[in-house]
Amino acid sequence: MADEEEDPTFEEENEEVGGGAEGGQGKRKRLFSKELRCMMYGFGDDQNPYTESVDILEDLVIEFITEMTHKAMSIGRQGRVQVEDIVFLIRKDPRKFARVKDLLTMNEELKRARKAFDEANYGS
Amino acid sequence: MGSARESPTDKGGETGESDETTSAPVVPGTSDTDAVPEEPDGDGDADLKEAVAEEGELKSQDVSDLTAGEKEDSLLAPAAKKLKIDTKEKKEKKQKVDEDEIQKMQILVSSFSEEQLNRYEMYRRSAFPKAAIKRLIQSITGTSVSQNVVIAMSGISKVFVGEVVEEALDVCEKWGETPPLQPKHMREAVRRLKSKGQIPNSKHKKITFF
């Protein structure tokens, strides 16, 4: 019946937006759905990953960021999150450590390059 | 999923997971960034190869800037001079290793099939939106955070996702199943990573002696 078919999809939408009785972060709107899908494909999953898997990953990422933020707030300068704290927390994990170092180095390089470019433009 | 590309709204394709700034980047499509500005569709191949090549240029440029101060060598004391030569040699060797690696990457990328190219492109370009990450961190700390923190956090999160997905793929293969990944694979992957200590958890109080 048309009614029966409509109901499940309606319920699904409700759950995703946050009306369901789901535990955990069911209430919050999904922040990273699109980006996570691309990321999962990039890391080896199927081109169309399951929505439930994406949801689980989003919850994991948010929990990860929350934990890191809390830890960073408790070390170094209290109550603030600074880059040095993050680097300190990550020091044992070689992949993440190398990645953060690379990113920050490249950020500096780009800033320098951009500044030089702007100055060159300004001079001429 | 189709063409879900990530173009950073506030930064024009730079480092920092999603890795950027308001002005347009000087070096377009710098490789190894987590968010690269959207490129027109046809350019896929050439774009990626260019990005890999430009990373090499950028790095070599950086080193040449560093070696520009060579003239002052003769004024230094012998011990300091030796130290400087040591580090200079190490930097040159590192640069050569980098160049080798970049060449190898270029050869590898040029031999990708179309599906592999797609996947590689998604791998490089996907990134977390800076604004959302910033909002999330600020809602936890209550104070504002600097740009670098957002860059670092997005970067680490992407690596984290990679670790979980790779472990889940391992689990999936071990159980004799195929992608797409199902929640049970993800949960088993998280369980394994937890025992390795890759997943931070400050809720459970560890008892050292019992």
Side-chain angles (χ1 to χ4, degrees), chain A residues 31-32 34-50 52-53 55-57 60-73 79-83 85-87 89-90 92-93 95-96 99-100 102-114 116-118, chain B residues 1 4-6 14-17 19 21 23 25-27 30 32-33 58 62 119-120 122-129 132-133 136-137 140-141 143 145-146 148-149 151-153 155-166 169 179-183 185-187 190 198-202:
Chain A
L31 295 172
F32 306 127
K34 270 189 283 196
E35 292 87 5
L36 268 179
R37 268 172 219 279
C38 297
M39 237 181 252
M40 287 174 79
Y41 176 50
F43 280 121
D45 196 2
D46 196 64
Q47 199 157 14
N48 289 318
Y50 286 134
E52 296 87 1
S53 307
D55 283 351
I56 291 183
L57 253 185
L60 280 170
V61 168
I62 294 186
E63 188 185 327
F64 177 76
I65 295 181
T66 310
E67 291 278 328
M68 292 292 298
T69 309
H70 279 306
K71 282 192 188 163
M73 282 205 288
R80 295 183 76 94
V81 181
Q82 297 179 303
V83 199
D85 300 336
I86 298 185
V87 174
L89 290 171
I90 276 302
K92 292 280 176 62
D93 188 332
R95 255 179 179 176
K96 298 194 182 98
R99 183 63 180 158
V100 173
D102 271 350
L103 285 171
L104 294 174
T105 315
M106 268 200 269
N107 192 23
E108 290 304 311
E109 273 180 33
L110 277 169
K111 274 207 274 195
R112 249 184 281 144
R114 225 169 272 128
F117 179 70
D118 280 341
Chain B
M1 219 172 73
R5 304 267 180 90
E6 297 322 301
E14 108 128 306
T15 57
E17 302 298 48
D19 306 8
T21 60
S23 57
V26 174
V27 186
T30 310
D32 213 3
T33 58
L58 195 67
D62 185 53
R119 204 183 279 276
Y120 185 62
M122 277 298 124
Y123 163 70
R124 291 292 279 258
R125 288 191 169 200
S126 63
F128 286 115
I133 299 277
L136 178 61
I137 300 182
I140 300 173
T141 68
T143 66
V145 292
S146 70
N148 277 352
V149 168
I151 292 176
M153 196 61 90
I156 306 178
S157 307
K158 182 169 173 182
V159 177
F160 175 70
V161 169
E163 287 175 351
V164 175
V165 171
E166 280 179 9
L169 282 168
L181 293 169
Q182 297 167 38
H185 303 136
M186 313 287 291
R187 280 189 276 260
V190 171
Q198 301 262 41
I199 311 246
N201 175 27
S202 54

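Throughout, protein chains are lettered first and strands after them, A, B, ... in sequence-line order, and every chain is numbered starting at 1.
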Under 4.5 Å from any heavy atom of chain B, what part of A:L36 do you find: side chain, backbone, both or neither? side chain
Among residues at least two apart in sequence or on other chains, which ones pass side chain to side chain donor-acceptor pair (under 3.5 Å) with A:R95? B:E166
Portion of A:D45 that has a non-hydrogen atom of chain B nearer than 4.5 angstrom: both
Could you check whether any side-chain N or O of A:H70 sits under 3.5 Å from a backbone N or O of A:E67, counting only pairs where one atom can act as donor and the other as acceptor? no
Is chain A contacted by the side chain of B:L136, its backbone, both, or neither, given a heavy-atom distance below 4.5 Å? side chain
If you tally heavy-atom pairs under 4.5 Å against chain A, which of B:V165, B:V164, B:V149, B:T143 wins? B:V149
Specify whether B:Y123 and A:F43 have parallel, tilted or perpendicular ring planes, treating 30° as the upper limit for parallel and 60° as the lower limit for perpendicular. perpendicular
Sole residue of A:L104, A:D102, A:L103 in side chain to side chain contact (heavy atoms under 4.5 Å, CB included) with A:V100: A:L104
So, the side chain of B:R119 versus the backbone of A:Y41: is there a donor-acceptor pair under 3.5 Å, distance only? yes
Of the listed A:K71, A:Q82, A:M39, the one with the largest count of heavy-atom pairs under 4.5 Å with chain B is A:M39
What part of B:L181 gets within 4.5 angstrom of chain A, counting heavy atoms only: side chain, backbone, both, or neither? both
